[in-house]
Structure formats: structure tokens, C-alpha cells
Colleague: 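Just dropping this structure here.
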Amino acid sequence: MLIFSFAVRRGNALRIGRISRLFAAYSLAAYSHVRQNLAMPETTTTVNARLPRARLRVSLPWPADFKQAAALQRDLASQVIDFGNVHTPYLAAGADMHIRRSDGMGIATVVTVAVPELHVVERASAAVPVEFPYIPGLLSFRELPALLEAFSRLTVQPDVVLVDGQGQCHPRRFGLACHLGLELDLPTVGCAKSRLTGSFGDLGRDAGSTADLELDGELIGTALRSKERCNPLFVSVGHKISLQNAVEVVEQNLDGYKIPRALRLAHTMAKSNA
DNA sequence: GCGACAG
DNA sequence: ATCTTGTCGC
Ligand SMILES: [Mg+2]
């Protein structure tokens, strides 16, 4: 049973073929908890992927079903680069996606700020049909198409991207931040508001306190109390950056609130459907 | 089999 | 994420 046919390049766009089966047709036990989300209309979608010429891919690898989605993540995870540094001054972009209530379209936004001043340099957005349901662990397949379209509309290339979601703090070490980083070939940092997986010890109460996040004995991220009296952020490597530098980047992007400025502005912009 | 579970 | 105003605590 196929959800999507493979993405096929057509001219200057990536065409994602028609959904050949309703999500409701699925009965995969492992995903039974999301049956409520599986009622999706049969539609055909075109994702304009006007990525910079040098970065245009022949096609965006796309799974035909949930099992393939997980397999693709395991495969792509090996391509993630977990080292590299971003030095001040630099441009940091925040990326987020919101579902517009009126029509279910994904509203992806990107806001770029200059560090260390944190003034806004550029904003871009895109409205793209969302066809993949939310399944913990498979979030990138839901948000990636719209985010890539929004990024293709930027005029200035950011040096690093802060993503609303996990990076390597993921059961298969391939969260949304990793997927976006790999497709954009840019440094990305996973900056999630809550935990997906991994365990961590007690955090100090002061802003700046951290705790290691580990899974299977591996260090996969850092819980960071970005603001006092607030729950911590879950920071992890997305792509082309070290965990240590990822945490530093998040700290350099804070302006008194729990969420880094670029990410917070992207979030607000997405919710306004702009 | 049961509990957990980014947005 | 979303349903949604006031309210409790700093
Ligand atoms: Mg989000």
C-alpha cells in the first residue's frame, strides 16, 4: 500500500504524486495510536522546490509508507555530520511550520537574524499542502516539504538554522533538524520544547543550567534551561555542527525568553499564517 | 502486552 | 499541534 509515489522531478519542481490510498487504510499496529489522524483526502500536490541551482537534487527521497519512512531515516542518519562550528558574527535562521486551520495548508516560515545583535535580516514563508500525518518519530516527513519551499524563497543564505524539533535526540538519531540540514546542506540545530526520547538528570534552577541527554549509553543532546523557572529546551545536533557548539548557538540567540529569537519569531509568524 | 510519544 | 480565558506565581 502506498501513501505517496516517489517524488519525481518535473522541470523546476518536485512533484509528489497522488496519494494512492487513504491513510485510513493503514492498520500498522505500531502506529495504531494515530488512527485518528489517518483520514486524509486523496489529492495531488506539487512542491515547488526552487532550491539554489547548485543544491537542486534530482529528487527528494520520499517513503512509500511508514515502514519505509523509518528505514529512510536509519539510512540518512549515517550521513549526518556531528562536528563543525559557527563563529560570531553569523546569520541564524529559525524555522517552523504551522497548520492553517481554514484549509489544512502547512504554513512554513523562516526568520533570519544577525548574531550577536539579533536584529531581523530576512523573513520568508510558504503555504504547502500537508499530506503526512503527525507520528512521533516521523515529524520530518510532515514538515519538510513546506520548510524546503520556504527556504527556497530566502535571498540570503543563513549560516545556521534553529529548528523547532529534535535533531539527533531521536530513536533513529534522525529528527527533523537532521533531515532539514541534510537537504539544505547547512548547519542545523535541533531545538525542541519537549522530549521525544532519551533520559536526563536533574537540571540546576538557574538559566544556563544543562543536563546530558542520553540514549543507549550515548550522549545525544543537552537539556538546557534557557530561562529561569521554565522547562528546559532539548538541544541536539541537526547537521554539520557539534553538540557543544549547538548549545552555544542557542545561548547566543536568546534574548530574555525561553525560545531563541529567530525561532520565536518564526513561530509567531507561522501562527499568523503570514 | 504496556507505556511513551518532537509538532 | 489544537480546543481557549482566566488565573496562579514570579
Ligand atoms: Mg512547530
Side-chain angles (χ1 to χ4, degrees), chain A residues 23 28-40 66 69-70 73 76-77 80 94-110 125 127-148 150 161-181 188-200 205-207 213-216 220-239 246 250 256-260 263-264 266-273:
Chain A
F23 283 115
L28 200 54
Y31 299 110
S32 59
H33 61 296
V34 292
R35 272 179 199 145
Q36 55 181 341
N37 298 321
L38 302 186
M40 299 288 279
F66 300 142
Q73 292 181 319
L76 295 176
V80 170
D96 194 16
M97 191 194 86
H98 162 86
I99 302 292
R100 185 199 271 152
R101 289 192 302 179
S102 62
D103 57 6
M105 294 280 274
I107 306 301
T109 55
V110 183
S125 68
V128 173
V130 174
E131 302 168 344
F132 206 93
Y134 169 67
I135 296 172
L138 300 181
L139 178 66
S140 69
F141 297 102
R142 181 176 174 78
E143 303 201 346
L144 197 61
L147 289 173
L148 289 178
V161 183
L162 297 176
V163 183
D164 183 29
Q166 314 288 352
Q168 292 188 310
C169 286
H170 182 280
R172 289 169 294 280
R173 310 293 196 278
F174 197 70
L176 173 60
C178 300
H179 208 156
L180 185 63
T188 54
V189 174
C191 191
K193 299 180 291 297
S194 62
R195 188 192 70 93
L196 171 60
T197 188
S199 58
F200 61 106
R205 323 178 32 165
D206 301 342
L213 254 164
E214 38 190 73
L215 181 61
D216 301 325
I220 59 170
T222 301
L224 167 68
R225 198 179 300 288
S226 52
K227 180 183 178 183
E228 55 183 358
R229 293 184 301 277
C230 285
N231 290 323
L233 287 180
F234 295 83
V235 181
S236 60
V237 171
H239 188 45
V250 170
Y257 298 91
K258 171 181 176 177
I259 309 297
L263 204 46
R264 199 178 66 250
H267 201 284
T268 300
M269 185 175 160
K271 283 193 297 183
S272 72
N273 299 315

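First the proteins, then the strands, lettered A, B, ... as listed; each starts at 1.
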Colleague: Has A/R264 got a side-chain atom pairing as donor or acceptor with A/I259's backbone, closer than 3.5 angstrom?
Modeller: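 Checked: pair present.
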
Colleague: Are the side chain of A/H170 and the backbone N or O of A/G137 linked by a donor-acceptor pair below 3.5 Å?
Modeller: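 Yes, the answer is positive, given that a donor and an acceptor are paired below the 3.5 Å cut-off.
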
Colleague: Rounded to whole angstrom units, what separation is found between the CG atom of A/L176 and the C1' atom of B/dG7?
Modeller: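 For the pair A/L176 CG and B/dG7 C1', the rounded distance is 9 Å.
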
Colleague: Which nucleotide wins on minimum distance to the side chain of A/L196, given the candidates B/dA6, C/dA1, B/dA4?
Modeller: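 Closest nucleotide to the A/L196 side chain: B/dA6.
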
Colleague: For the CZ atom of A/R100 and the CD1 atom of A/I107, what is their distance to the nearest 0.5 Å?
Modeller: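 Going from the CZ atom of A/R100 to the CD1 atom of A/I107 covers 3.5 Å.
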
Colleague: Taking A/T222 for its side chain and A/V235 for its backbone only, find out whether a donor-acceptor pair lies under 3.5 Å.
Modeller: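 No, A/T222 side chain to A/V235 backbone: no donor-acceptor pair under 3.5 Å.
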
Colleague: Quick check: closest heavy atoms across A/A69 and A/F132, and the distance to 0.1 Å?
Modeller: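 Nearest heavy atoms, A/A69 then A/F132: CB-CZ, 4.5 Å.
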
Colleague: Give me the stems containing DNA chain B, sorted by first residue, counting only three or more consecutive Watson-Crick or G-U pairs with both distances under 3.5 Å; say none if there aren't any.
Modeller: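 Counting only runs of 3 or more consecutive pairs, none involve DNA chain B.
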
Colleague: Do any side-chain nitrogens or oxygens of A/H267 fall under 4.0 Å of OP1 or OP2 in B/dG7?
Modeller: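 Answer no for this pair, as no side-chain N or O of A/H267 is under 4.0 Å from OP1 or OP2.
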
Colleague: Where each pair must be Watson-Crick or G-U wobble with both distances under 3.5 Å, what dot-bracket representation of DNA chain C is obtained, with crossing pairs in [ ] and other-strand partners as |?
Modeller: ..........

Colleague: Compare every heavy atom of A/L139 with every heavy atom of A/L176, then report the nearest pair and how far apart it is.
Modeller: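 What the structure gives for the nearest pair is CD2-CD2, 4.2 Å.
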
Colleague: Scan nucleotides 8-10 of chain C against the protein and return all N/O pairs shorter than 3.5 Å with their distances rounded to 0.1 Å.
Modeller:
| from | atom 1 | to | atom 2 | distance (Å) |
| --- | --- | --- | --- | --- |
| C/dC10 | O3' | A/R229 | NE | 3.1 |
| C/dC10 | O3' | A/R229 | NH1 | 3.0 |

Colleague: Starting the side chain at C-beta, find the nucleotide from B/dA4, B/dA6, B/dG7 nearest to A/H170.
Modeller: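 Looking only at heavy atoms from C-beta outward on A/H170, the closest nucleotide is B/dA6.
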
Colleague: Measure from CD1 on A/I135 to C1' on B/dG7 and round the result to the nearest Å.
Modeller: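 Rounding to the nearest Å, CD1 of A/I135 and C1' of B/dG7 are 12 Å apart.
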
Colleague: Take atom CZ of A/F132 and atom P of B/dA6, then tell me their distance rounded to the nearest Å.
Modeller: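 From A/F132 CZ to B/dA6 P: 15 Å.
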
Colleague: Is A/S125 reaching over with its side chain to a backbone N or O of A/T109, donor-acceptor style, under 3.5 angstrom?
Modeller: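 No, A/S125 side chain to A/T109 backbone: no donor-acceptor pair under 3.5 Å.
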
Colleague: Please check: side-chain N/O of A/R225 versus main-chain N/O of A/C230, any donor-acceptor pairing under 3.5 Å?
Modeller: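 Judged by distance alone, yes, a pair lies under 3.5 Å.
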
Colleague: From the list B/dG7, B/dA6, C/dA1, which nucleotide is the closest neighbour of the side chain of A/Q166?
Modeller: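 Out of B/dG7, B/dA6, C/dA1, the nucleotide with an atom closest to A/Q166's side chain is B/dA6.
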
Colleague: Send over the distance from A/L263 CG to B/dG7 C1', rounded to a whole Å.
Modeller: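 One finds 12 Å between C1' of B/dG7 and CG of A/L263, rounded.
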
Colleague: Short question: side chain of A/Q73, backbone of A/P171 - any donor-acceptor pair under 3.5 Å?
Modeller: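 Side chain of A/Q73 to backbone of A/P171, a donor-acceptor pair under 3.5 Å: no, none is there.
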
Colleague: Measure from CG on A/L144 to C1' on B/dG7 and round the result to the nearest Å.
Modeller: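 Rounded to the whole Å, the gap is 14 Å.
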
Colleague: Please give, in whole Å, the distance from B/dC5 C1' to A/L215 CG?
Modeller: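 Value for this atom pair: 13 Å.
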
Colleague: Looking at every non-hydrogen atom in both residues, tell me the closest pair between A/V130 and A/M97 and how far apart they are.
Modeller: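 Shortest heavy-atom separation between A/V130 and A/M97 comes out as CG2-CE, 3.8 Å.
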
Colleague: Is the phosphate of B/dA6, meaning OP1 or OP2, less than 4.0 Å from a side-chain N or O of A/T197?
Modeller: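 Indeed not, no polar side-chain atom of A/T197 lies that close.
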
Colleague: Would you indicate which nucleotide in C/dA1, B/dA4, B/dA6 comes nearest to any side-chain atom of A/Y134?
Modeller: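 Among the listed nucleotides, the one closest to the side chain of A/Y134 is B/dA6.
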
Colleague: Within this structure, what is the CZ-to-P distance between A/F200 and B/dA6, rounded to whole angstrom?
Modeller: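 In whole Å, B/dA6 P lies 13 Å from A/F200 CZ.
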
Colleague: When all nucleic acid strands are considered with a 4.0 Å heavy-atom cut-off, which category describes A/G190: base, sugar-phosphate, or nothing?
Modeller: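 Answer is nothing: A/G190 stays at 4.0 Å or more from every strand.
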
Colleague: Which heavy-atom pair separates A/F200 from A/R195 by the least distance, and what is that distance?
Modeller: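 The answer is CE2-CD, 4.0 Å.
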
Colleague: Could you tell me whether the side chain of A/Q168 and the main chain of A/A177 form a donor-acceptor pair under 3.5 Å?
Modeller: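 No, the answer is negative, given that no donor and acceptor are paired below the 3.5 Å cut-off.
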
Colleague: Does a nitrogen or oxygen in the side chain of A/K193 sit under 4.0 Å from OP1 or OP2 of B/dG7?
Modeller: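 Checking B/dG7 against A/K193, a side-chain N or O does come within under 4.0 Å of OP1 or OP2.
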
Colleague: Measure CZ/A/R195 against C1'/B/dG7 and give the value in whole Å, please.
Modeller: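 To the nearest whole Å, that distance equals 15 Å.
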
